[in-house]
Amino acid sequence: MKSPLLSLPGAVPGEGPDEGVAAHYGDLFREQRALADGTGFVDLSHRGVVTVSGADRLSWLHLLLTQHVSDLPPGQATEALILSAHGHIEHALYLVDDGETTWAHVEPDSQGDLIAYLESMKFFYRVDIADRTEDYAIVHLPAGSITEAPEDAVVRETPHGRDLFLPRERLTAFAEASGPPIGALAYEALRVEAHRPRVGLETDHRTIPHELGWIGSAVHLHKGCYRGQETVARVQNLGKPPRRLVFLHLDGSEVKLPSHGAPIRLAAEGVEGRQLGFITSSARHHELGPIALALVKRNVPVDAELIADSTAAAQETVVEP
C-alpha cells in the first residue's frame, strides 16, 4: 500500500519494511522531538489490517493466540502472538475489540499469510475473517496527543499512544487537520528506545517469545492450549532462552549505522572474533545519539563491551540472561 501522504512537502519514501510510507518529512530530529512531546501523527497506513467478527470471535481467538482474550473488554488494547508448532514467532497482532468486531494491525504484507492460517482454523466456529487493509489505514497518535479521533475510527489506546483504524479515504483529510506529519524513522527511533520488538526485525525463523521480553505483554502464561505452548511452558519452567534482547549505545563518531543483521562480537576479540549475535534495529535518536537493539547469545556477559561490525557498542540489559 502506497500512502497518499507521500505527496506531502518534504516526504522522503521509506525503505525495507516501511516502504510505502514516508521515512521522514525533511527533519528527522524535529519529528522525533514532536513525537516525544505528544504532537503530530505517524502515517502507518502500509500496515495490514485484519478483522474477526461473529459471536465466537473472542473464544475462538483465545484458542489460537498467546494472549488471554476470551473476556477482552470492548476498547481494551492488547497484543498477542501466533507461534509455530515449535514455539517460534510467526505473527504479532496489535488488537482491540469494539464489542462486535476484533480489529488487529500487523506487519506490512503479512496479512495474507495470517488470514490463510486463521481460515484454516475456523472449523465450526461462528467467525468471519476479513482483510480490511484496502479500507482502513493505521495512524498513530503519540501519548499526550490532544488530537481527537474521528467518530468513524476504531481506537486502540496504549501507554505509547493511540492507534487509529481510520477509513482510508479519510487519511488525507485527517493529515490536513492533524499535523505535523511524522515519518516512520522517528517512530522507529522511539520504538528502539522503548525496547519494543518488531516481527521481521527482532525476529528470525527461530525466535521464541522469551528472547524478546514478550512474556506477559503478549504471552499469557496461565491460559488454555495454543500452538507452540509446549515450548513456551518448557522454557519458562525448566530452562532459559538461548538468546536475549539487548539495547546498545553505539559509538557516535561513526557516520554509518550498523544495518539489520550486522554481526555482534566481543570488542576484546575484534572484528575477526566469534559472532555472538546480530543487530536487529538501529536508529539515530534525538537525545541518545545512535542506538540499536540486538539479539545476542544468553551467556554473553552483561557488562561486556561489544562491537557491531566495527562500531563500538555498550549494552543495557533488556532480557535477563
Item to complete: Just say parallel, tilted or perpendicular for the rings of His86 and His88, cut-offs at 30° and 60°.
Response: tilted
Discussion item. Within the 3.5 Å criterion, strictly below it, is a donor on Glu193 or His285 matched to an acceptor on the partner's side chain?
Written reply: yes
Fill in: Between Trp103 and Asp98: side-chain donor-acceptor atoms closer than 3.5 Å
yes
Worksheet item: Any idea how His195 and Phe247 line up, ring-wise: parallel (<30°), tilted (30 to 60°), or perpendicular (>60°)?
Response: tilted
Discussion item. Do Ser45 and Asp43 pair up side chain to side chain, a donor and an acceptor below 3.5 Å, judged on atom types alone?
Written reply: yes
Fill in: Any side-chain heavy-atom pair of Leu201 and Arg191 under 4.5 Å
yes
Practice prompt. Any chance you could lay out the side chain to side chain contact (heavy atoms under 4.5 Å, CB included) test for Val21 and Arg47, step after step, and finish with the verdict?
Written response: CA-CA 10 Å; Val21 295; Arg47 291 185 63 81; over 6 Å; no
Worksheet entry | Side-chain H-bond candidate by donor/acceptor type, Glu316 with His249, under 3.5 Å | yes
Worksheet item: Ring centres of His140 and Tyr187 under 6.0 Å apart?
Response: yes
Worksheet item: Parallel under 30°, tilted from 30 to 60°, perpendicular over 60°: which one fits the rings of His105 and Phe165?
Response: tilted
Worksheet entry | Asp251 side chain to Thr311 side chain, donor-acceptor N/O pair below 3.5 angstrom | no
Worksheet item: With no hydrogens and no angle check, do the side chains of Ser281 and Glu188 hold a donor and an acceptor under 3.5 Å apart?
Response: no
Worksheet item: After noting the C-alpha distance and the side-chain angles of Thr317 and Glu320, does the key distance pass the side chain to side chain contact (heavy atoms under 4.5 Å, CB included) rule?
Response: CA-CA 6 Å; Thr317 300; Glu320 294 291 338; 3.9 Å; yes
Discussion item. Under the side chain to side chain contact (heavy atoms under 4.5 Å, CB included) test against Leu212, which residue among Leu295, Leu293, Thr280 passes?
Written reply: Leu295
Worksheet item: Does the cation-pi check pass for Arg227 over Tyr117, that is, NZ or CZ under 6.0 Å from the six-membered ring centre and within 45° of its axis?
Response: yes
